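Since this is a predicted model, take the numbers as computed values, not measurements.
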Amino acid sequence: MTNTDRGQWRSRMGFILAAAGGAVGLGNIWKFPYVAGMNGGSAFLLVYLVLILFLGLPVLIAEVMLGKATQRNPVGAFKALDHEKSPWRMIGFMGVLAAFMILSFYSVVAGWCIEFIIQGAKGAYSSSSSPEDVQKLFAALTSSPSKQILYHGIFISMTIAIVYAGVQSGLQRVCEVLMPLLIVILIALIVFAMKQEGWQKGVRFLLEPDASKLTPNTILAAMGQCFFSLSLGMGAMLTYGSYLRKEDNVVSSSAWVAVMDTGIALLAGFVIFPIVFTFGVEPAAGPGLVFVSLPGAFQQLPAGTIAGIGFFVLLLAAAVTSAISLLEVIAAYFVDEFKMDRRKVSIGFGFLCFLIGIGCAVSGNFFDILDKTSSNYLLPIGALLISMFAGWVLKREIAQSDFKDTKFAKLFGLWLSSVRFIAPVLVVLVFLNKLGVFK
Ligand code: TRP
């Protein structure tokens, strides 16, 4: 199959927006604040930013590079670069497992957005309803498995429908408009947050260094969040890279994706923590953090109902584009490896995720296990293997061609040592630290 048959991004910007659209999702706005809140705020943020730079970015470049070089799916890519029975295919297999786990709880959380859109339409964010009532919405939702399962079913059906019909590119175009809107609404909320009494406390929570909070769990959580947010460690970004054109630059495109993804997470953090402190919400409240804190803020905004509904609609849209990238990894694997029918695969495995997700709607523990196992273990192990493959197995000329004759030529050595040594060593150190080896 030639390159053009598979379809390509229309421009470098097309790739950046599509990849950023897949990366930016619930991870930035729902997960980042709650994981930061549970892990000491500033201590978490500092480690997170360092890891994005030294771990996330090099691995992101590696994934996009492998995709661009092979123009294949995650399993096919390793076969093409190594050989048919290459053990590196394992990466693809683990990626599929991670995709199942992530999509199952991801869809439940995306379903929560639907409830908050409906509540907004019923007037929950208007100044006439009380702040106490709106803070209780989340608890009411999570104590109703049937409601959660219904919304989860709606969301996963939307995801399946899009992957089934293969209209991702059309949807990506919609997101090219929605993503800037999401940024605008976050900035408007920051302006609101600045005027609240909790602003300084929120900012200090994120920026005031506090070494005492730097625990092995904080570091592990920051690493998991780094891979989760950038969609790394399971071949999703490799798939995006496989649609890049020859002339597109892997390094600068990847850097842009990382900057946009991290920027949006930071915006969300600076919106949420000041509001959390203003409304007396516990920063370590867990997965409900965004849903408990923000609605109270909407109530105080002049056009609160519109802002609140708009916010959750945009969050839902961002979640859809990320969810299709997860289902796509699953679909591509079974279609390519077992010659299964694409449509049957999307429906069948989408339905399986629906069933697994029911467990998350019923049990917070099960939710936590899927969330933590995938982010904190499967993705880092996948990323470790991907970076070692790019560093040690991939032909040097192939890797070098993405740096040579560009303004990044001087960075090749740094990238190569990152994927050969720095990234693998960092992942292993974080694991050992978590196991208590350095105590
Ligand atoms: N990065 C997405 C988010 O932040 C979630 C996601 C989509 C993902 N595809 C992925 C996470 C692949 C890990 C791997 O919401």
* To do: Looking only at non-hydrogen atoms, find the nearest pair between Ser293 and Val276 and report the distance.
  => CB-CG2, 3.8 Å
* Asked: Any side-chain donor paired with an acceptor under 3.5 Å for Asp210 and Ser212?
  -> yes
* Asked: Rounded to the nearest 0.5 Å, how far apart are CG of Leu435 and CG of Leu220?
  -> 9.5 Å
* Asked: Under the side-chain hydrogen bond (donor to acceptor under 3.5 Å, both in side chains) rule, what pairs show up with a residue in residues 363-378, not counting sequence neighbours?
  -> Lys31-Asp371, Lys31-Ser375, Tyr34-Asp371, Asp368-Lys372
* Between atom CE of Met65 and atom CG of Asp402, what is the distance when rounded to the nearest 0.5 Å? -> 4.5 Å
* Asked: Phe44 vs Tyr48 aromatic rings, parallel, tilted or perpendicular, using cut-offs 30° and 60°?
  -> parallel
* Ala69 versus Ile398, closest heavy-atom pair with distance -> CB-CG2, 3.7 Å
* Asked: Quick one: does Ile422's side chain get under 4.5 Å of Leu426's, heavy atoms only?
  -> yes
* Structure fact -> With sequence neighbours left out, the residues meeting salt bridge (Lys or Arg N to Asp or Glu O under 4.0 Å) with Asp261 are none
* To do: Check step by step if side chain to side chain contact (heavy atoms under 4.5 Å, CB included) holds for Thr70 and Ser242.
  => CA-CA 7 Å; Thr70 55; Ser242 73; 5.6 Å; no
* After noting the C-alpha distance and the side-chain angles of Met38 and Leu289, does the key distance pass the side chain to side chain contact (heavy atoms under 4.5 Å, CB included) rule? -> CA-CA 10 Å; Met38 289 183 93; Leu289 189 68; over 6 Å; no
* Within the 6.0 Å centroid threshold, strictly below: Phe312 and Trp112 -> no
* Report yes if the distance between the aromatic ring centroids of Phe105 and Phe366 is under 6.0 Å, otherwise no. => no
* Heavy-atom donor-acceptor pair, Ser107 side chain to Leu103 backbone, under 3.5 Å -> no
* Asked: Would Glu328 and Arg342 pass as an ion pair if we require N to O under 4.0 Å?
  -> yes
* To do: Calculate, to the nearest 0.5 Å, the distance between atoms CG and CG belonging to Leu379 and Leu230 respectively.
  => 11.0 Å
* **Donor-acceptor under 3.5 Å (Ser42 side chain, Leu206 main chain)** => no
* Asked: If you measure only the distance, is there a donor-acceptor pair under 3.5 Å linking the side chains of Ser325 and Ser322?
  -> no
* To do: State whether the side chain of Ser253 and the backbone N or O of Val250 hold a donor-acceptor pair below 3.5 Å, judged by distance alone.
  => no
* Asked: Can you tell me if Thr142 uses its side chain to pair, donor with acceptor, with the backbone of Phe138 under 3.5 Å?
  -> yes
* Rounded to the nearest 0.5 Å, how far apart are CZ of Phe270 and CG of Leu189? -> 15.0 Å
* **Whether over 12 other heavy atoms sit under 6.0 Å from Gln400 CD** => yes
* **Close side-chain approach of Phe291 and Cys113, heavy atoms under 4.5 Å** => yes
* Answer yes or no: is there a side-chain heavy-atom contact under 4.5 Å between Pro380 and Phe227? => yes
* Does any N or O in the side chain of Thr218 come within less than 3.5 Å of the main-chain N or O of Lys213, such that one atom is a donor and the other an acceptor? -> yes
* Main-chain N/O of Val163 paired with Ser346 side-chain donor or acceptor, under 3.5 Å -> no
* Judged by modelled atom types alone, do Asn217 and Lys434 share a side-chain donor-acceptor pair under 3.5 Å? -> yes
* Asked: Heavy atoms, side chains only, cut-off 4.5 Å: are Val75 and Phe93 in contact?
  -> no
* Min side-chain heavy-atom separation Leu378-Leu97 under 4.5 Å -> yes
* **Ring-ring centroid check Phe408 Phe403, cutoff 6.0 Å** => no
* Mind checking whether Phe421 and Trp392 have ring centres under 6.0 Å apart? -> yes
* Can you find a heavy atom in the side chain of Tyr151 that is under 4.5 Å from one in the side chain of Val108? -> no
* When you measure from the centre of the six-membered ring of Phe78, is the NZ or CZ of Arg89 under 6.0 Å away and within 45° of the axis? -> no
* To do: Show your working on side chain to side chain contact (heavy atoms under 4.5 Å, CB included) between Met158 and Val320 and close with a plain yes or no.
  => CA-CA 8 Å; Met158 282 163 53; Val320 173; 3.6 Å; yes
* **Spacing of Asn433 atom CG and Leu214 atom CG [to the nearest 0.5 Å]** => 8.5 Å
* Taking atom CH2 of Trp88 as the centre, does the number of heavy atoms from other residues, nucleotides or ligands within less than 6.0 Å exceed 12? -> yes
* To do: Inspect the surroundings of CZ in Phe54 and state if more than 12 heavy atoms from other residues, nucleotides or ligands are less than 6.0 Å away.
  => no
* Could you walk me through whether Phe155 and Val109 pass the side chain to side chain contact (heavy atoms under 4.5 Å, CB included) check? -> CA-CA 10 Å; Phe155 182 81; Val109 179; over 6 Å; no
* Taking the side chain from His152 and the backbone from Ala361, do they hold a donor-acceptor pair closer than 3.5 Å? -> no
* Ile306 CD1: over 12 foreign heavy atoms closer than 6.0 Å -> no
* Non-hydrogen side-chain atoms of Leu186 and Ile29 separated by less than 4.5 Å -> yes
* What residues, two or more places apart in sequence or in another chain, satisfy salt bridge (Lys or Arg N to Asp or Glu O under 4.0 Å) together with Glu247? -> Arg245
* Hey, are Glu337 and Lys79 close enough for a salt bridge, meaning a charged N less than 4.0 Å from a carboxylate O? -> yes
* Side-chain (Lys68) to main-chain (Asp248) donor-acceptor, under 3.5 angstrom -> yes
* Could you grab the distance from atom CE of Met234 to atom OG1 of Thr239, nearest 0.5 Å is fine? => 8.0 Å
* **Residue pair Phe32 / Ser229, side-chain heavy-atom distance below 4.5 Å** => no
* Looking at Pro283 and Phe277, what are the two nearest heavy atoms and their distance? -> CG-CZ, 3.9 Å
